[in-house]
Amino acid sequence: MKFFIDSASVEEVKNAVRLGVADGVTTNPTLLARENKPAEVIYKELCKVVKGPVCAEAVSIVADDIIAESRKLSAIDENIVVKIPATKDGLIAVNQLESEGIKTNVTLIFSPMQALLAARAGATYVCPFVGRLDDAGHVGMELIEQIMQIFINYDLPTQVVVASVRGTLHVSDAAMIGAHIVTVPYNVIEKLIKHPLTDAGIQTFLKDWQKVKASS
Ligand code: G3P
């Protein structure tokens, strides 16, 4: 399973790169707003830091505007993938952009049929939002199971990026289901590594090592 880092923070992405878990980056306007820097500056910095796709979100609503905006975003760097919301205009834009060789990631997906139609439009990636479905009283990971089953049924090349990840269980469930990619906030990456038994084991080994040193 590949890991994208769900962050517009260059520092967080650098830390993830050092851990060897940054196969790409996803951003969105909310994440950009936290950085207090022009979006294009952030995109260029992120493309220097990570060897992999950097997802930049188009905010236009009408298909022709999405297409025009996406072409500009794509021109920033060869690794830019354009995030486009799962709407009718969005899929029209995806169909056109992918035919031009511009990779897209259809985002804000909350149903298996949105994912299927995005794949039919030629999207390179789809982002189903599991955390927001959980927040609304659904079981977000069931959507991932459904989408993966449909994509396997029809051998669809579009890659599923599990998004809106709230914690470690989303990541482990995504891996058990066999999702292609999970996009994870950096703080969740750190939680994935930590285990109290590991910490306790280190303390025991250090204490016992003192005995070894004392006897040598
Ligand atoms: O990549 C999408 C993700 O950033 C959305 O997460 O927590 O706003 O639902 P959240």
Side-chain angles (χ1 to χ4, degrees), residues 1-36 42 46 49-57 81 83-86 105-115 118 123-152 158-203:
M1 184 168 75
K2 288 190 175 182
F3 283 75
F4 287 180
I5 306 306
D6 195 34
S7 174
S9 160
V10 176
E11 279 316 300
E12 286 184 347
V13 174
K14 277 181 181 173
N15 291 336
V17 168
R18 288 178 64 204
L19 278 168
V21 291
D23 299 305
V25 174
T26 53
T27 71
N28 61 42
T30 303
L31 296 173
L32 290 172
R34 294 175 190 166
E35 300 307 313
N36 196 26
I42 295 173
L46 290 172
V49 167
V50 69
K51 292 185 184 69
V54 173
C55 296
E57 189 148 348
V81 169
K83 270 179 116 178
I84 297 170
N105 178 351
V106 177
T107 189
L108 287 168
I109 284 185
F110 296 98
S111 79
M113 289 301 102
Q114 283 179 318
T124 302
Y125 305 100
V126 290
C127 269
F129 277 32
V130 296
R132 295 192 191 185
L133 280 167
D134 290 353
D135 295 346
H138 304 284
V139 180
M141 291 314 293
E142 285 179 359
L143 175 60
I144 305 303
E145 288 173 336
Q146 292 165 349
I147 294 170
M148 287 305 297
Q149 186 59 62
I150 291 166
F151 281 23
I152 290 165
T158 302
Q159 295 184 63
V160 177
V161 183
V162 179
S164 186
V165 164
R166 293 284 198 280
T168 59
L169 288 180
H170 279 153
V171 181
S172 53
D173 287 349
M176 291 300 290
I177 292 166
H180 305 99
I181 304 164
V182 58
T183 190
V184 190
Y186 183 70
N187 70 305
V188 175
I189 296 278
E190 292 187 327
K191 289 176 186 169
L192 288 171
I193 302 167
K194 204 146 178 61
H195 196 292
L197 288 180
T198 304
D199 296 341
I202 291 169
Q203 292 312 312

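In this structure, CG in Asn187 is found 9.5 Å from CG in Leu192, a value given to the nearest 0.5 Å. Atom NZ of Lys2 is separated from atom OG1 of Thr183 by 13.0 Å, given to the nearest 0.5 angstrom. In this structure, Leu46 CG and Lys14 NZ are separated by 10.0 Å, a value rounded to the nearest 0.5 Å. Between the CD atom in Glu190 and the OG1 atom in Thr168 there is a gap of 13.5 Å [rounded to 0.5 Å]. In this structure, Ile84 CD1 and Asn105 CG are separated by 9.0 Å, a value rounded to the nearest 0.5 Å. The distance from the NE2 atom of His180 to the CD1 atom of Ile147 is 11.0 Å, given to the nearest 0.5 Å.
Within the 4.5 Å cutoff, no side-chain heavy atoms of Val188 are placed close to those of His170. Between Met1 and Val171 there is a side-chain heavy-atom pair separated by less than 4.5 Å. Side-chain contact between Asp23 and Phe4: present, with at least one pair of heavy atoms (C-beta onward) separated by less than 4.5 Å. Side chains of Tyr186 and Leu19 form a contact here, defined as non-hydrogen atoms less than 4.5 Å apart. With contacts defined as side-chain heavy-atom distances shorter than 4.5 Å, the pair Leu143/Phe129 does not qualify. The side-chain heavy atoms of Phe3 and Val182, taken from C-beta on, include a pair separated by under 4.5 Å. For the pair Arg166 and Asp135, the minimum side-chain heavy-atom distance is below 4.5 Å. A 4.5 Å side-chain heavy-atom check between Ser9 and Arg34 finds every atom pair outside the cut-off.
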Original post:
Val126 and Gln114: side-chain contact (heavy atoms from CB on, under 4.5 Å), yes or no, with the steps?
Top reply: CA-CA 9 Å; Val126 290; Gln114 283 179 318; over 6 Å; no
Original post:
Which is it for Cys55 and Val81 under the side-chain contact (heavy atoms from CB on, under 4.5 Å) test, yes or no, and what are the steps along the way?
Top reply: CA-CA 5 Å; Cys55 296; Val81 169; 4.0 Å; yes
**OP:** Evaluate the criterion side-chain contact (heavy atoms from CB on, under 4.5 Å) for residue pair Ile150 and Met113; output intermediate values, then yes/no.
**Re:** CA-CA 9 Å; Ile150 291 166; Met113 289 301 102; 3.7 Å; yes
**OP:** I would like to know whether Asp199 and Lys194 meet side-chain contact (heavy atoms from CB on, under 4.5 Å); could you show each step before the answer?
**Re:** CA-CA 8 Å; Asp199 296 341; Lys194 204 146 178 61; 2.8 Å; yes
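Nearest approach of Glu12 to Ser7, heavy atoms of both residues: OE1-OG, 2.6 Å. Summarising the geometry of Pro53 relative to Tyr125, their closest heavy-atom pair is CG-OH, 3.3 Å, with the distance given to 0.1 Å. Of all heavy-atom pairs between Leu108 and Pro85, the closest is CD1-CB, 4.2 Å. Taking all atoms of both residues into account, the shortest heavy-atom contact from Met141 to Ala174 is CE-N, 3.5 Å. Minimum heavy-atom separation, Ala179 to Met148: CA-SD, 4.0 Å. Closest heavy-atom contact between Leu31 and Ala8: O-CB, 3.6 Å.
The side-chain hydrogen bond (donor to acceptor under 3.5 Å, both in side chains) with Asp6 is formed by just one residue from the set Thr26, Asn28, Thr27; it is Thr26.
Shown here is Asn36, whose CG atom has no more than 12 heavy atoms of other residues, nucleotides or ligands within 6.0 Å. Atom CE of Met176 has 12 or fewer neighbouring heavy atoms from other residues, nucleotides or ligands inside a 6.0 Å radius.
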